[in-house]
Every structure is written in C-alpha cells, then in structure tokens.
Amino acid sequence: MYALIDGNNFYVSCERVFRPDLRGRPVVVLSNNDGCAISRSNEAKALGIRMGAPWYQLRPLVQSHGLVALSANFALYGDMSDRMMSLLATLGAQQEVYSIDECFVDLAGVGGDLTQRGHRMREQLLQWVGIPSCVGIGPTKTLAKLANHIAKTATYQSGRYPAQLAQVCNLSALSPSAWQAVLAATRVGEVWGVGRRLGAQLEAYGIRSALDLAQLDPTTVRRRWSVVLERTVRELQGTASIELEEGGHGKRQIAVTRSFGQPVTALPDLEEAVTVFASRAAEKLRRQHGAAAQVMTYIRTSPFRQAPQYSRASVMPLQRPSGETGAIVRAALAGLRAAYRPGFSYAKAGVFLLDLQTGEAQQGELGFDEREPVPRHGARLSNVLDRLNQRYGQDTVFVASAGLGGVQRVWSMKQEHRSPRYTTCWNELPVAHA
DNA sequence: TCTGGGGTCCTAGGACCC
DNA sequence: TCTGGGGTCCTAGGACCC
C-alpha cells in the first residue's frame, strides 16, 4: 500500500505561511523573470487564471480583483519542502520524494486505520510546517496518485466525488462498487502517465474514463501503444509495476537554464551567463559527488517573438569525467562558441551536464601521455570554492568569466516581487514584534 | 513591450561488429 | 539473374512528469 502526500498550491502556500494576510485572496507565484503564473491560490483559480498564463495578461486583475503576484522564491520553497519531507518520512518505512511538493510513502507493515493515519499526518503537516495538503492511499503508486487527485478535487470542487473523500482518499477502504464509481468519474487524461497526446488517442478509441483504461487488456495495450501505458494499466488494476525509488542515487542529468531579463546579442554577455550557469551546475554535481563526461551548452531566441529564430546545442566531451568548476566552465564556453551565431537576439541559454558518473565508480584511464599527469589540484580548488561559498554566502568566490559587475549583467533576470528568504538567509529572517 | 525550469524513460534508426 | 543473420551501442526525438 502506498500513500501520496501533496502540498496544495505549494508555492502560494509557502508564501502564506509568512504572510497570513494573503489568505483568502487571489495570489499567484510567477516564474523566473516574472514570466508567467506557476502556482495559483484557489481564489486565483476561481478568477480563471490558467497555469502558465503570462503575467502581462494578468496584470489588470491586480486593480480589478486584488490579485497579488509574487516572484518565485525558490530558496524559500526548497527549505519548506525539506521540512515537509522530513516530517512525512515518519509516515512509513520508505519514502520517495517525487517532486518539491509531493512524496510517496510505502505503507507496508503500517498497522491501524490508514485513513485516520492520513488525516493525522496532514493535520500535523499543517500545524508544524504550515502547509495544507491532500493524501491519497492505494495499492500501487498510480492508484495512490489517483486517490490524491480525487482527494484534491473532492476538497475544492463539490459534486464530482463523494464529499467524505475530501482531503484524504483511501481507495482500499472503498467497496468495489464505490471504487468503480470514482474511477468512472475520472477522465482518462487525469491518470498519472496519460498526457495530452495519449489522452486524445485513447478518447478517440472510446476509452474516456480511468475505469475504461483499467478494463483494457495489458498485452493489447502494449501492442497498440507502449510498455509505458501497459504498466499504467497494470497499476490501475492493482498490480504494482512502478517501483518506489528511494533517494540517494543522484541525478542522471543536471541542467541549469535561464531566460534572460532582456534579449542578448553579444557573445561576451552570453559567455558571462554560461559561466554562471556552468558554475551552478558544477556545484549541483559536486553535491551528489558526481563527475560529468560531457557538457552541453544551448542557446535560443524567443519563440514568442516575430524575429529570426535560431536555436542550437553543442556537446563538448571532457578529457576525463570531472566535477570541477574550471573544467566544466571551459567546456561550456567552448560549446557556446561553437553554437553561437552573431546577429540574433538570444532569449535563453542553458548548460547540461551529461553522462554522469558517481564518485566511486569512475572510469580509469591509460597513461598514454606522461607529460600530462592526472591533475589533482582542480578538485581541491573546487572543494575550497564550495566551502567558502557555503560559509560566506553564494558567489563569495567565483570564476572571473562570470563577470565582475554583477549589477551590470544585461542578461540577469527580472524579479520585481520577490518575498524575503525567510528561512535561509540571516538578513531576511522575519522579525516578531511584541 | 511582456510567455519558466528541471527532470525521466522509451523507441527508432544508424553505425558498427562478426 | 543471384548478395544473410544476428547482435550491440549510441543518438535524437518524443512523451510524460512536476
């Protein structure tokens, strides 16, 4: 049996912990560059604000409906997420942190009434961390996910599902007929693993509800569609086919990409940005004690503008797998120079670390070239860099090609409404007045 | 004027091997 | 006239997720 616990409107809920005055009001959190809405309070959803709606289209709602827009504050959300996850880890034997605002918990061996346990856990999460959430419980991850979706919908939208499934929905506690009824009331596209494309295809075949999908023959599904959808069908039927993945295995790929605050044309500006992104990516890599064998740099113009379009990625292999800032920045800059064409207005750049290896299992090499022994100082230098930046704050020490005039960076992003980093920055702690 | 960032997995097809 | 069979590895691209 699995539980899926998911924070409601997570980013907005994080902001509300420190701004109780935002409760009951329409609030959105904007993406980097204040580009578009990436989290919405229920009041904002009720105004018809869509996920991903561009901010400039929403701006009139500030006047007309008291909409509050906040710039994304990922330092805050990440820290709130850590608090939430460590509390939820106590719910069962194993936990998979699936995203910043949700986790699966394996309930194997957990006794007692699981529904009640779910209610207690979400009350504790609300009281201790301040985040409202919903809990779904089911025999497989896909069913737990579905149960969570049902709990959420029943909480905020009356009529579609029985009201007692609000907040906590435990499918395994339902009678077979009640179970069938909730699956029949769920559109096939709402099932985890069925996206827009598959959803449309399935509907065209007359498979409209989650129940319809669950009643298909898995082998046929594999032949007609894919092994991925076959697994989903088996999971809906109650056969666990997607394993719980505990943390600690590290990422297979690391990316740092950003849109620019304004279009960038000059190579030196792009070099600054790519240096910063590559440095950030190298830090992430070292945090999981990894090494990258390849570095990809990518630049592109804005697809939303009526201007000549250009997009190019370039992969540079490293001489040997490395987690050092210096080596990674050099490779990323070489990739940038290979991808760059003058005369375009670039809107975004990114650095990807690929072909990652873990610290313990790294490919050795034959010493063909004795004039160039394996360097050791680079790794030590990067460690010192990390320790200094950890102790004295981000960017205390950095690579010079990142540019010295931080304020003059033409490409830096817009964040006009960012809240304080209440929990991760000494200067921005909330102050209590007696 | 103004539209995010970071991931995973699977498949098809090409290059190459014997 | 007539030209096999079986396999691996890598990459690009698609679909999905939050």
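Order of the sequence lines sets the chain letters (A, B, ...), proteins ahead of strands, with each chain counted from 1.
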**Q** Name the closest nucleotide to the A:Asp101 side chain, picking from C:dC18, B:dG6, B:dT8.
**A** C:dC18

**Q** Could you give the CZ-to-C1' distance, from A:Phe277 to B:dG5, as a whole number of Å?
**A** 11 Å

**Q** Which listed nucleotide (B:dC9, B:dG5, C:dC16) is nearest to the side chain of A:Ser259?
**A** B:dG5

**Q** Would you mind telling me which of C:dA15, B:dT11, B:dG5 lies closest to the side-chain atoms of A:Leu198?
**A** C:dA15

**Q** With distance as the sole test, does A:Ser39 use its side chain to make a donor-acceptor pair with the main-chain N or O of A:Val29 at under 3.5 Å?
**A** no

**Q** If each of A:Ser226 and A:Asn32 is mapped to the nucleotide of DNA chain B with the nearest heavy atom, which maps nearer the 5' terminus, i.e. the 5' end?
**A** A:Asn32

**Q** Considering heavy-atom distances to DNA chain B, does A:Arg258 or A:Arg231 have its closest nucleotide positioned more toward the 5' end?
**A** A:Arg258

**Q** What nucleotide, of B:dG5, B:dG4, B:dC9, holds the atom closest to the side chain of A:Cys36?
**A** B:dG4

**Q** Among B:dG5, B:dG4, C:dA15, which nucleotide has an atom closest to any side-chain atom of A:Lys348?
**A** B:dG5

**Q** Quick one: label A:Arg50 by what it contacts on the DNA or RNA (base, sugar-phosphate, nothing), any heavy atom closer than 4.0 Å.
**A** nothing

**Q** With rounding to the closest Å, how many angstrom separate the P atoms on B:dT3 and C:dC18?
**A** 25 Å

**Q** Base, sugar-phosphate alone, or nothing: which one does A:Val191 contact when heavy atoms must sit under 4.0 Å apart?
**A** sugar-phosphate

**Q** Of the listed nucleotides (C:dC18, B:dC9, B:dT11), which one gets closest to any side-chain atom of A:Arg252?
**A** B:dC9

**Q** Rounded to whole angstrom units, what separation is found between the CG atom of A:Asp6 and the P atom of C:dC18?
**A** 9 Å

**Q** Separation of A:Ile38 atom CD1 from B:dG5 atom C1', in whole Å?
**A** 8 Å

**Q** Can you tell me the distance, in whole Å, between the NZ atom of A:Lys414 and the C1' atom of B:dT3?
**A** 11 Å

**Q** Nearest to the side chain of A:Trp192, heavy atoms from C-beta on, is which of B:dG6, C:dC17, B:dT3?
**A** C:dC17

**Q** Please report the distance, rounded to the nearest Å, between OH in A:Tyr77 and C1' in C:dC18.
**A** 15 Å

**Q** From C:dC16, B:dG4, C:dC18, pick the nucleotide closest to the side chain of A:Glu102?
**A** C:dC18

**Q** Distance alone, cut at 3.5 Å: any donor-acceptor contact between the side chains of A:Asp79 and A:Thr423?
**A** yes

**Q** For A:Glu416, is there an ion pair with A:Arg59 - N to carboxylate O distance below 4.0 angstrom?
**A** no

**Q** Given the side-chain rings of A:Phe104 and A:Trp192, with only the six-membered ring counted for Trp, is the space between their centroids under 6.0 Å?
**A** yes

**Q** Who does C:dT11 pair with, Watson-Crick or G-U, both distances under 3.5 Å?
**A** B:dA12

**Q** Describe the nucleic acid contact of A:Phe74 in one word from base, sugar-phosphate, nothing, applying a heavy-atom distance below 4.0 Å.
**A** nothing

**Q** Any idea which of B:dG6, C:dC17, B:dG4 is nearest the A:Lys284 side chain?
**A** B:dG6

**Q** Enter the distance from A:Ser302:OG to A:Gln309:CD here, rounded to the nearest 0.5 Å.
**A** 6.5 Å

**Q** Roughly how many Å is it from OH in A:Tyr298 to C1' in B:dG4, rounded to a whole number?
**A** 10 Å

**Q** Indicate whether OP1 or OP2 belonging to C:dC17 is found under 4.0 Å from a side-chain N or O atom of A:Ser99.
**A** no

**Q** Nearest-Å distance, CD1 (A:Ile242) to P (B:dT8)?
**A** 16 Å

**Q** Would you classify A:Arg196 as touching base, sugar-phosphate or nothing, given that sugar-phosphate means primed atoms plus P, OP1 and OP2, and contacts are heavy atoms under 4.0 Å?
**A** sugar-phosphate

**Q** Nearest to the side chain of A:Arg197 - C:dC18, B:dG4, C:dC16?
**A** C:dC16

**Q** Quick one: do A:Lys141 and A:Leu4 satisfy side-chain contact (heavy atoms from CB on, under 4.5 Å)? Show the steps, please.
**A** CA-CA 8 Å; A:Lys141 283 169 74 177; A:Leu4 181 87; over 6 Å; no

**Q** Mind checking A:Leu30 for me? I need base, sugar-phosphate or nothing, with any heavy atom below 4.0 Å counting as a touch.
**A** nothing

**Q** Just the rounded figure in Å: distance from C1' of C:dA15 to CG of A:Leu202.
**A** 13 Å

**Q** How about A:Arg160: does its CZ atom have over 12 heavy atoms from other parts shown lying under 6.0 Å from it?
**A** yes

